[in-house]
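Only one structure is covered here, and it is reproduced in the block below.
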2 protein chains.
Amino acid sequence: MEIVRFGVIGYGQRGCGLLDNLLLMDDVVITAVCDKYEDRSEKAKARVIEKRNASPFASTDYKEILKRDDVDAVLIATDWEMHFPIAIDAMKAGKAVALEVGGAYCIEDCFELVKTWEETKVPFMFMENCCYNREEMLVTEMAKQGKFGKIVYCSGSYSHDLRGEVATGKENRHYRLRNYLNRNCENYPTHELGPIAKILGINRGNRMVSLVSVASMACGMEQYVNDRRDTVNPELIGAKWAQGDIVNTIITCENGETILIRLDTTLPRSYSREFTVRGTKGMYEQQTNSVFFDGQAEYWNPTDFVKNYMNSAEKFKDLLPDCWKNITKEQLDAGHGGMDYIEFREFVTCLKEGKEMPIDVYDAASWMCVSCLSEKSIKEGGAPQAIPDFTNGAYKTR
Amino acid sequence: MEIVRFGVIGYGQRGCGLLDNLLLMDDVVITAVCDKYEDRSEKAKARVIEKRNASPFASTDYKEILKRDDVDAVLIATDWEMHFPIAIDAMKAGKAVALEVGGAYCIEDCFELVKTWEETKVPFMFMENCCYNREEMLVTEMAKQGKFGKIVYCSGSYSHDLRGEVATGKENRHYRLRNYLNRNCENYPTHELGPIAKILGINRGNRMVSLVSVASMACGMEQYVNDRRDTVNPELIGAKWAQGDIVNTIITCENGETILIRLDTTLPRSYSREFTVRGTKGMYEQQTNSVFFDGQAEYWNPTDFVKNYMNSAEKFKDLLPDCWKNITKEQLDAGHGGMDYIEFREFVTCLKEGKEMPIDVYDAASWMCVSCLSEKSIKEGGAPQAIPDFTNGAYKTR
């Protein structure tokens, strides 16, 4: 395959950014676009025409995209609820799948995704962009080289104030809105869990065996709406929100490591993923972008010390992979500081060269299932939930 | 009472520091000292003679201290295991109790402590010094004034690399050693939980209702010992350690808030308590000593911004209580940056003036019971444990 012909399904905020990333690639053409809202599918079409001077097929029905012979691969960036159905239908139609992230609504969906891939063996990649972020890639390489010793514990969060996004959409189109009104769980686990799973070898010699999840009360959205009655979606005034403001989930791995992840999206704060790696020889802490190694003085102030090159992860930037060493300004500007471009480049390259996808269907299933299992744990007062082994034992030797 | 006559029980590292704090106070005399090791009780006696030119009674049996008429109050700073028995005996002997912190080994001890106090009504204070630290006191006052809105979530940790302390004592005297060898739990919850409980009104309108606790593997101590075979206690070479390196505990409160605490003492790191307060209007984060309020820009770098007065908690230093505004250099230097002096000053003042103790037996029981409940939760794979209401319903109106 010299050129990858894409169908883009879903043209909300995320689809817009990702289409632009694909349009940067010489070996990609966009042959079809789709969104269930016609204004959006037309907007996607217009964007392709603007950039490439070629008109893609446009539809509001994703099944029309899957029928087409001029589509090799689909990017799925729809609402979370449609991720599984479309990905499964796409694999059955023989279309390679780049699946945007989200969480699962039920464990059966995760098994179905895996089963479909095992039956079809269609190339599938779960597009967790944070696995391709600069800091995460650098620290993953440091961990691989043993700089932190044996890794014992990792933590991270999706700390992103989404109140405005959830409360101000006038059209009620945003999938997050209905989730926050009706559901209480770790609804978006993979930005922090993905890089951690890579470091801990999840599904490759290790696996996640159980989790507990506990949610705080939900009052951030209510306060936000009350304080901004003139600007929010008026239907939300007086609404009751199901989603707890802070959800902590602790995952235990078969090899004894634990992982803490936190959903933190409805209280005022600055953005952070708080990616943290702890080993017997050292640690990395994203919140201060600092490293600390065994033998350093116990008392130091990370906010002062991180200014010092000695304690900044930047000291190790020579370990960055080539994709980061050689990144261009255009790629950096294409979305989320460059990681979106790098991950889609990876997908396209693997697809063209017939290589194994770096984040596969087993990763997708095991990372996404955290959402529905956390929902159950929260309902049961924090009771532990077993995490299935979607590889059916193969993780031991993969 | 014009002068408080103290018996100091326990003269390990903590007892040494606290005796020096008491010796700074004009309205305190030390009439008796005790440690089960005679060299230590003699050392305590010598310290009092050196500073006060008066010789206290010295014994290796704490019961001898409790029998004395010239002792009004005891400071208990022994190994954790003896905290409850000595505190209970002291109250029965009519001696006011200043109980150094630690965790409980069984829930029955906690109930017995409360019952003894209810029967004797002897003044009792749980000496959680972190409740008196500058940052914690400032942020507690900010929370009280509503600067963070409704508080939804708090977190903190006891992040303190104790490997050297645990592994290098040649005499096996350190109580932590036997705990780390034989026990797996949140063994020291109160440094972070105390200030959080104060902010959330625990036992005063609110209470902690349940917890889940999950421990990582234990390999930090083993690595430390292996790396330093020449300097550690030789008996520890090849030892198996029970205590997981990282223990996360999530507590749910009756009013819907959640609390995350972390024990983090056997992997290399810098000291931190990571005290964090999250509300509907703002947040405080100790790791960067930063505040953030609703309406600020979403993307900022706390490590840069904290240098800016706007985002530093220092902006609010006028809210500090007088004890911090008026603190002297001598008091600051007396231990843990001043908080030890302030908390003991509080105990002595309340005792002399017959005031209610600010951290009472109900606080002690509910904070300390986290240790034994976490041990049970860890054993049961993270299963939720009910936290008793030691106030028997009185928390609703206290």
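Quick caveat, the model's predicted, so the values are computed rather than measured. In what follows, chains carry the letters A, B, and so on, assigned in the order in which the sequence lines appear, proteins first and then strands, with residues in each chain numbered from 1.
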message = Is a donor from one side chain sitting under 3.5 angstrom from an acceptor on the other, for B:Tyr153 and A:Asp264?
response = no
ask   = A:Glu257, A:Gln287, A:Met283, A:Arg278: which one forms the most heavy-atom pairs within less than 4.5 Å of chain B?
value = A:Arg278
ask   = Can we say A:Lys150 and B:Asp245 salt-bridge, meaning some charged N sits less than 4.0 Å from an Asp/Glu carboxylate O?
value = no
key: Between CG on residue A:Asn311 and OG on residue B:Ser270, distance to nearest 0.5 Å   = 9.0 Å
request  = Find the distance between CD1 (A:Ile250) and CD1 (B:Ile250) and round it off to the nearest 0.5 Å.
outcome  = 4.0 Å
task = Any chance you could measure A:Ile246, atom CD1, to B:Ser155, atom OG, to the nearest 0.5 Å?
result = 8.5 Å
key: Over 12 foreign heavy atoms within 6.0 Å of CD, A:Gln13   = no
key: Which portion of B:Leu267 sits near chain A, non-hydrogen atoms under 4.5 angstrom   = both
message = Looking only at heavy atoms and a cut-off of under 4.5 Å, which of B:Gly279, B:Ser290, B:Ala297 has the most pairs with chain A?
response = B:Gly279
remark   = Residue from B:Gln223, B:Arg269, B:Lys281, B:Glu380 scoring the most non-hydrogen pairs under 4.5 Å with chain A is B:Arg269
note = Interface check, chain A: of B:Val209, B:Asn255, B:Asn248, most non-hydrogen pairs under 4.5 Å belong to B:Asn248
task = For chain B, find which of A:Ala215, A:Gly256, A:Ala383 contributes the most heavy-atom pairs closer than 4.5 angstrom.
result = A:Gly256
Where A:Gly381 and B:Pro384 come nearest, the two heavy atoms and their spacing = O-CG, 3.3 Å
inquiry  = Shorter than 4.5 Å, heavy atoms on both sides: which option in B:Leu260, B:Asp161, B:Asn289 has the most such pairs with chain A?
reply    = B:Leu260
ask   = If you tally heavy-atom pairs under 4.5 Å against chain A, which of B:Thr266, B:Ile259, B:Thr288 wins?
value = B:Thr288
key: Shortest non-hydrogen contact from A:Ser216 toward B:Thr258   = CB-OG1, 3.4 Å
task = Could you check B:Met217 against A:Val152 for side chain to side chain contact (heavy atoms under 4.5 Å, CB included), going step by step and ending with a plain yes or no?
result = CA-CA 7 Å; B:Met217 67 175 107; A:Val152 174; 4.0 Å; yes
inquiry  = Looking only at heavy atoms and a cut-off of under 4.5 Å, which of A:Ile251, A:Asp227, A:Thr252 has the most pairs with chain B?
reply    = A:Asp227
inquiry  = Is B:Glu285 close to chain A through its backbone or its side chain, or both, or neither, when contacts mean heavy atoms under 4.5 Å?
reply    = side chain
message = I need the residue from B:Arg163, B:Gln296, B:Arg262 with the largest number of non-hydrogen atom pairs under 4.5 Å to chain A.
response = B:Arg163
message = Can you tell me which portion of B:Ala218 sits under 4.5 Å from chain A's heavy atoms? Options are side chain, backbone, both or neither.
response = neither
ask   = Checking B:Leu162 against chain A: side chain, backbone, both or neither under 4.5 Å from a heavy atom?
value = neither
query = Does a side-chain N-to-carboxylate-O contact under 4.0 Å join A:Asp294 and B:Arg228?
reply = yes
